[in-house]
There are 2 protein chains.
Amino acid sequence: MQLDERKTKILQAIIRNYLETGEPVGSRTISKYTDLNLSSATIRNEMADLEEMGYILQPHTSAGRIPSDMGYRFYVDAMMAEKEREVDEMKEMLVERQDKMETLLKQVVKVLAQNTQYATMISAPSTHRNKLKFIQLSRVDASHILAVIVIEGNVIKNNILEVNEELSDETLLKLNILLNTNLNGLSIEEINLGMIATMKQQAGIHSDIVSEVIDAVAQSIKADEDLEIYTSGTNNIFRYPELADQQRASELINTFEEKQQLTGLVQETLLDENSTGIQVYIGNETPVQSMKDCSVVTATYELGEGMKGTIGIIGPKRMDYDKVIRTLRNLQNQLDELYKEEDK
Amino acid sequence: MQLDERKTKILQAIIRNYLETGEPVGSRTISKYTDLNLSSATIRNEMADLEEMGYILQPHTSAGRIPSDMGYRFYVDAMMAEKEREVDEMKEMLVERQDKMETLLKQVVKVLAQNTQYATMISAPSTHRNKLKFIQLSRVDASHILAVIVIEGNVIKNNILEVNEELSDETLLKLNILLNTNLNGLSIEEINLGMIATMKQQAGIHSDIVSEVIDAVAQSIKADEDLEIYTSGTNNIFRYPELADQQRASELINTFEEKQQLTGLVQETLLDENSTGIQVYIGNETPVQSMKDCSVVTATYELGEGMKGTIGIIGPKRMDYDKVIRTLRNLQNQLDELYKEEDK
DNA sequence: GTTAGCACTCAATCAAGGAGAGTGCTAACA
DNA sequence: TGTTAGCACTCTCCTTGATTGAGTGCTAAC
């Protein structure tokens, strides 16, 4: 059987109606809702076909129909193919320029949650393709030195190292110069064993510290990478009865609190990236188990080359895909601009 | 009317039973549960008295009794007065020594939630009585310098400052020495205007930067102070039917996500501190509106003098007060030890 | 191919009727 | 005088059955 034009229209009408109401939609409703001028009986026949084809389903024998995951998928694909809509609203909402990445991300995710009324998340831009801007070792007290690592985009990491011997000021200065001249401007991947060997040699008796620092650099970047995720609007799930029962709500809330459960989503997103950077996961398509009754829309954002992060919106399957996608596009642009400004 | 010994025993029996079951408890249950050897009829008479006195109440005419807020209060006060119980379990759970305060706090709050099966929160120790350990300015690029501020307890704050003119290495070095010699070992309050004036004078043409740095120090410490709160186990509220309905759950979860709503709790706790540092808020006693159907147990912890933070456990009114308080005492001790170790 | 009509199904709602838990009160007992 | 047994009463909860209404599938007519 084929999805002819009439079937498509009916399917879309069903989905759109369901998105609004959250209730199963019957043949009579469609008969009046669309401008097809068909009787409910005809619609019923078509609906039976659509059900057989797997686009819609009945919660129980004498209820209306609701979209299946496959139905949503069809709807979303059709919509994504449409040309982009104009973007304007929400333009000013974002903030003055922010030094602190963390504050910026928290603000973004909050605004987004308020705007969409769904639960939202954002991952800090991954740094591992990024260039080291600056390293600084300082003595904190007799047995500890502080390593401050600044990465392009002004992301700052701190690390306290324990040392056995007390280091003199000159030694520290030397080490600082050594580290900076050798490593600045390099990405994490570009630091290879050969370089490390050379540096250790140059460091003489303090070669231990060199390797400790490099370990720290690698480690501290890796460590946070999969954890820096901010969320907002978790309690929006209670707006949607189909997600609000205790079992589901509890699991979802747990996922949002234990943020490392969200890393799967981030990874998946960065993996199967498409041209727009926007993806839609419906129901079981999502990589996070607890969201199997939700839809998830993700967008990749870029803060200069290589600095990619993920934004996610989590809501019911009957999410307002249109609005969500528009909002995310918009946000992508804004973040892009923000970066350019900062760079000036 | 007076609370004689028998009434007290009956009241405690009622509360204890209710803590376990969460169901209203009837006279027959108490008649068998206690070793008083009284018939249910006698218990009924006493219960009528207790109700009149306000310690218990009936959800509806022919249900058993449940404790009122006042009843809980009586129970908790009586319990707190008892001598401390022995502490042992959970001893090893805490961690190897942690450099990063943040990681430590996150771990603590998580372990606590798993242990108690309630929702938990912890506030980072307030720093404003604390001593500056170390300041370091570094040039990041032509127009930005990075100020790293380390405070006793190895709390690290970063701050990027914009400068108009490019600063030479020598200038930076001079400024670093100036700042450190003048400010190290001082608490935020001890930095007064006279000192700042002297420093500015010594800094000559770079006096702008001195004030900017000091501003940054003050600001960055203040800024985080009321926001660094970590939570865990939010979804534990679903274990308790009396908290799990949508309205309440949604509000609570929102409170836990918008952590600044919890600052009220922290402030309150630090304010009406008692000798043990442990407080119990029952129902409407809690300073956070959304928790009016919960009980909140808070503990003040100290990481060296002046570094005080708050731990909170939020659960239903029929919380296992005994266990919670024991656990918190335990934790206080452990954190205390941890600090001493770190100081060595 | 479309539509009207009818029989059928099922969830949701409501009222009625018990069952069960628990109470208050009274009268008897030690 | 304090305690207890017993009984009538109250109220929630659960079950049951009837009703309603939305929606369907099928068939026959247009």
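Both backbone and side-chain heavy atoms feed into the values below; hydrogens, waters and symmetry mates do not. Within every chain, numbering begins at 1; the chains are lettered A, B, ... in the order of the sequence lines, protein sequences first and strands thereafter.
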Review point. Tell me: CD1 of B:Ile43 to C1' of C:dG22, nearest whole Å?
Key: 14 Å
**Study point:** Modelled atom types, side-chain donor and acceptor of A:Lys259 and A:Thr231, under 3.5 Å
**Key:** yes
**Study point:** Presence of salt bridge, A:Lys317 and A:Asp69, under 4.0 angstrom
**Key:** yes
Exercise for review: Check the pair A:Glu20 / A:Tyr18 against side-chain hydrogen bond (donor to acceptor under 3.5 Å, both in side chains), numbers first and verdict last.
Suggested key: CA-CA 5 Å; A:Glu20 274 176 37; A:Tyr18 183 70; over 6 Å; no
Exercise for review: Heavy atoms only: give me the nearest B:Val288-B:Gln261 pair and the separation to one decimal.
Suggested key: CG2-O, 3.8 Å
Review point. Could you give the CG-to-P distance, from A:Leu36 to C:dG1, as a whole number of Å?
Key: 17 Å
Point to revise | Salt-bridge criterion met for B:Glu242 and B:Arg248 (N-O under 4.0 Å) | key: no
Review point. What is the distance from CE of A:Met47 to P of D:dG25, rounded to the nearest Å?
Key: 9 Å
Check your understanding: How close or far is atom C1' of C:dC6 from atom CZ of A:Arg28, stated in whole angstroms?
Key -> 16 Å
Exercise for review: Report yes if at least one side-chain N or O of A:Ser27 is closer than 4.0 Å to OP1 or OP2 of D:dT24; otherwise report no.
Suggested key: yes
Revision key, fill the gap. Its dot-bracket string being built from Watson-Crick and G-U pairs below 3.5 Å, with | for another strand and [ ] for crossing, DNA chain D has the pattern ||||||||||||||||||||||||||||||
Check your understanding: Looking only at heavy atoms, what is the nearest atom pair of B:Arg318 and B:Tyr118, with distance?
Key -> O-OH, 4.5 Å
Check your understanding: Nearest heavy-atom pair of A:Ser232 and A:Ala113: which atoms, and what distance?
Key -> OG-CB, 3.8 Å
**Study point:** Atom pair distance, as rounded to whole Å: CG in A:Asp49 and C1' in C:dG1
**Key:** 13 Å
Just the atom pairs and distances: protein N or O near nucleotides 3-5 of chain D's N or O, under 3.5 Å.
from  : atom 1 : to      : atom 2 : distance (Å)
D:dT3 : OP1    : B:Arg6  : NH1    : 2.8
D:dT3 : OP2    : B:Arg6  : NH1    : 3.4
D:dT3 : OP2    : B:Arg6  : NH2    : 3.2
D:dT4 : OP2    : B:Ser39 : N      : 3.2
D:dT4 : OP2    : B:Thr42 : OG1    : 2.7

Restricting both atoms to N or O, compile the protein contacts to nucleotides 8-17 of chain C shorter than 3.5 Å, with distance only.
from   : atom 1 : to      : atom 2 : distance (Å)
C:dT9  : O2     : A:Ser62 : OG     : 3.0
C:dC10 : OP1    : A:Thr61 : OG1    : 3.4
C:dC10 : O4'    : A:Ser62 : OG     : 3.4
C:dC10 : O2     : A:Ser62 : OG     : 3.0

Check your understanding: Can a donor-acceptor pair be found between the side chains of B:Lys292 and B:Thr286 at a distance below 3.5 Å?
Key -> no
